[in-house]
Amino acid sequence: MSLLDTPLWEVIKASFSAKVWSGLIGAIGDTLYMTIVSSLIMLVFGLVGGIVLTIMCPDGLFPARGAYTVLGGLINILRSLPQMVMIIIMIPVARAIFGKSYGTNACIIAIAASCIPMYARIVESSLLEIGKGKIEAARSLGSTNFQIITRILLPETLPSLLRGFTVAVIGVISMTALAGMFGAGGIGDIAVRFGYQRFQHEVLFACIYILVLLVQGTQWAGSFISNRILKKRCLLATADGGIKAHRVNRNKNTQQNIENKREEKTIVVKKEAIL
Amino acid sequence: MSGYLDIRNVSKAFNVSGRELQVLRNVNLSVDKGEIYGIIGFSGAGKSTLARCINRLETPDAGEILVDGVDVVKLKGKELRQERRKVGMIFQNFNLFEAMTVEKNIAYPLEIEGVKKAEIKKRVQETAELVGLADKLKAYPGGLSGGQKQRVGIARTLIGQPDVLLSDEATSALDPQTTLNILDLLKDINERLGITILMITHELDAIRYSCDKMAVLENGQITESGAVADIFRNPQSKTGELFAKVSKEFRRAENFTDGEGI
Ligand SMILES: Nc1ncnc2c1ncn2[C@@H]1O[C@H](COP(=O)(O)OP(=O)(O)OP(=O)(O)O)[C@@H](O)[C@H]1O
Ligand SMILES: [Mg+2]
């Protein structure tokens with residue numbers, strides 16, 4: 001069914017048919033598999049890369065200007081390669097590891113290689129958000145650098161790290177679709193083969209639904225968990241977030257605190273009005 | 001003459017975009033055991049830098065810093081970390097760990113030392129009671145008021161049983177009533193535990209309230225030091241004079257309005 005000879009709503013209706021979806025189940029599995037495995041690889045290497053970048057920067061925990069410049073430069077080079085080029089470059093690597101240069105596992109290598117540098121930068125920017133004072137306090141309490149990383153740096157920036165990971169996973173999802181064109185299988189593969197080569201637009205539509213749902217679901221889950229943590233720590237900067245958190249904590253002075261906060265707020269508002 | 005905390009000829013310069021910025025010039029200071037010693041100075045005078053040198057968050061370019069006879073400038077690695085615990089520090093903006101509950105914040109110095117769980121629990125409870133936070137142990141710092149946050153900061157430092165407490169503008173972000181409460185707490189800690197306190201501030205009244213002796217830091221140099229009452233009555237340095245004048249002016253204005261009111 002093609003949009004060239006069928007009205008749009010017919011195509012949309014057909015895109016929900018059992019026939020279309022039964023042909024997609026395997027592809028959905030492939031996409032999920034590629035997304036999850038690539039994301040996990042990206043998480044491990046990107047996190048390590050981001051931490052190394054952060055601590056080696058000139059005012060970091062282990063300043064190392066030379067190594068920082070080299071690693072930063074390498075990441076920049078990798079990041080400037082278009083994803084498609086990265087897939088082509090990784091073909092021989094995949095062949096060396098898996099004995100074949102196509103298929104889901106082969107493409108995971110390319111996806112990881114392309115997304116790790118990006119994620120390392122995201123991690124770096126999250127980690128740099130930490131207040132310098134906290135690191136200083138930890139050091140003044142006698143922490144080793146390793147303790148500062150594991151007990152202060154990572155937990156304190158966790159909500160931001162989670163949001164960054166969400167962005168990166170969405171990048172992975174879109175790259176699985178691209179990798180589909182290079183024989184990775186999955187939704188992208190189906191979209192190209194049926195939607196582009198055979199003009200079966202109802203299949204293309206179904207593929208789009210799936211990708212949209214995947215991305216939405218990932219974003220929602222990431223924001224949800226990150227906000228949960230912020231709320232637990234009483235750090236959510238929404239109008240009522242603080243108040244809710246206070247209730248949860250059931251502090252004795254809760255009501256007093258809220259009133260103080262309210263007063264502060266009205267004072268600020270008044271000040272602004274005067275200005 | 002040598003005190004418990006002895007700062008001898010300490011200098012420190014920073015390299016700010018290629019230019020040398022001399023922040024501490026030949027600072028000498030001697031604080032006796034169990035004293036609450038005040039340091040006053042304007043913004044940028046080098047007060048925080050001095051405190052950070054004592055805690056070795058910064059390394060002085062020259063001079064010695066003796067804590068109970070040990071020169072902390074020479075320490076490295078494990079010895080340095082242990083010494084840092086003996087010189088506790090509390091901060092203007094508290095610097096609490098927001099990912100941890102109050103309990104975990106206070107327990108942190110013991111946890112990284114590998115102290116046993118039961119022992120930690122007991123000491124956290126004791127310390128929390130000492131600073132008046134026993135009912136807040138399960139709360140997160142994000143939900144506390146400024147005064148409560150500073151109490152957590154104090155408890156977190158105290159649990160390591162320091163000999164010296166560096167208070168770097170610990171009350172500057174607090175309202176007057178809370179400032180008074182925190183100053184009382186510091187006094188109480190000083191009396192009960194015999195901890196030597198170096199109180200850095202730009203509030204002369206805080207020093208008058210808490211300290212017997214003080215020094216004035218002006219542009220990286222100690223311009224005068226001695227008994228608080230003397231410096232307040234008869235300041236010898238420009239900074240000392242200004243601070244004393246401002247404080248007296250306020251007092252006079254206060255008395256005046258009091259008189260009017262009746
Ligand atoms: N790490 C640093 N690098 C460069 N310059 C610094 C650094 N730390 C402090 N300075 C400079 O040293 C001077 C003294 O700073 P310091 O923080 O010790 O002042 P302070 O007396 O504590 O002031 P305040 O009352 O505002 O806290 C300032 O001019 C500051 O810009
Ligand atoms: Mg300061």
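Below, each value reflects all heavy atoms present in this structure, side chains not excepted, and no hydrogens, waters or symmetry copies. Proteins get letters first, then strands, A, B, ... in listed order; numbering begins at 1 in each.
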Counting only non-hydrogen atoms closer than 4.5 Å, does [X] touch chain A with its backbone (N, CA, C, O), its side chain (CB onward), both, or neither?
X	value
B:Phe91	side chain
B:Asn55	side chain
B:Arg56	neither
B:Gln82	neither
B:Leu80	neither
B:Phe94	neither

Structural part of A:Thr157 lying under 4.5 Å from a heavy atom of chain B |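 For A:Thr157, no heavy atom lies under 4.5 Å from chain B.
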Below 4.5 Å from any heavy atom of chain B, which atoms of A:Ile152 appear? Answer side chain, backbone, both or neither.
->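 Answer is side chain: those atoms of A:Ile152 sit under 4.5 Å from chain B.
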Looking at B:Lys78, B:Arg81, B:Met100, which one has more heavy-atom pairs under 4.5 Å with chain A than the rest?
->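 Looking at each option in turn, the highest pair count goes to B:Arg81.
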Name the option with the most non-hydrogen atom pairs under 4.5 Å to chain B; the candidates are A:Gly133, A:Pro155, A:Pro159.
->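 Heavy-atom pairs under 4.5 Å are most numerous for A:Gly133.
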Verify the neighbour count for atom CD of B:Glu79: are there more than 12 heavy atoms of other residues, nucleotides or ligands below 6.0 Å?
->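 Not more than 12 within 6.0 Å, no.
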Assess B:Lys104 against B:Tyr108: is NZ or CZ under 6.0 Å from the centre of the six-membered ring, and within 45 degrees of the ring's axis?
->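 Ring-cation test returns no.
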Ion pair present between B:Glu119 and B:Arg123, side-chain N to carboxylate O less than 4.0 angstrom?
->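 Between B:Arg123 and B:Glu119 there is a salt bridge, with a charged N closer than 4.0 Å to a carboxylate O.
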Does a salt bridge link A:Glu124 with A:Arg121, judged by any charged N lying under 4.0 Å from a carboxylate O?
->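 A:Arg121 and A:Glu124: salt-bridged.
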Side-chain donor-acceptor pair under 3.5 Å between A:Thr104 and A:Asp30, yes or no?
->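 Result is no, nothing qualifies.
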In terms of side-chain heavy atoms, does A:Ser160 have a donor or acceptor partner in A:Ser126 at a distance below 3.5 Å?
->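 There is such a pair (donor and acceptor under 3.5 Å, judged by atom type) between the side chains of A:Ser160 and A:Ser126.
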Looking only at heavy atoms, which two atoms of B:Val27 and B:Gly220 are closest? And how far apart?
->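 Scanning both residues completely, I find the closest heavy atoms to be CG2-O, 3.5 Å.
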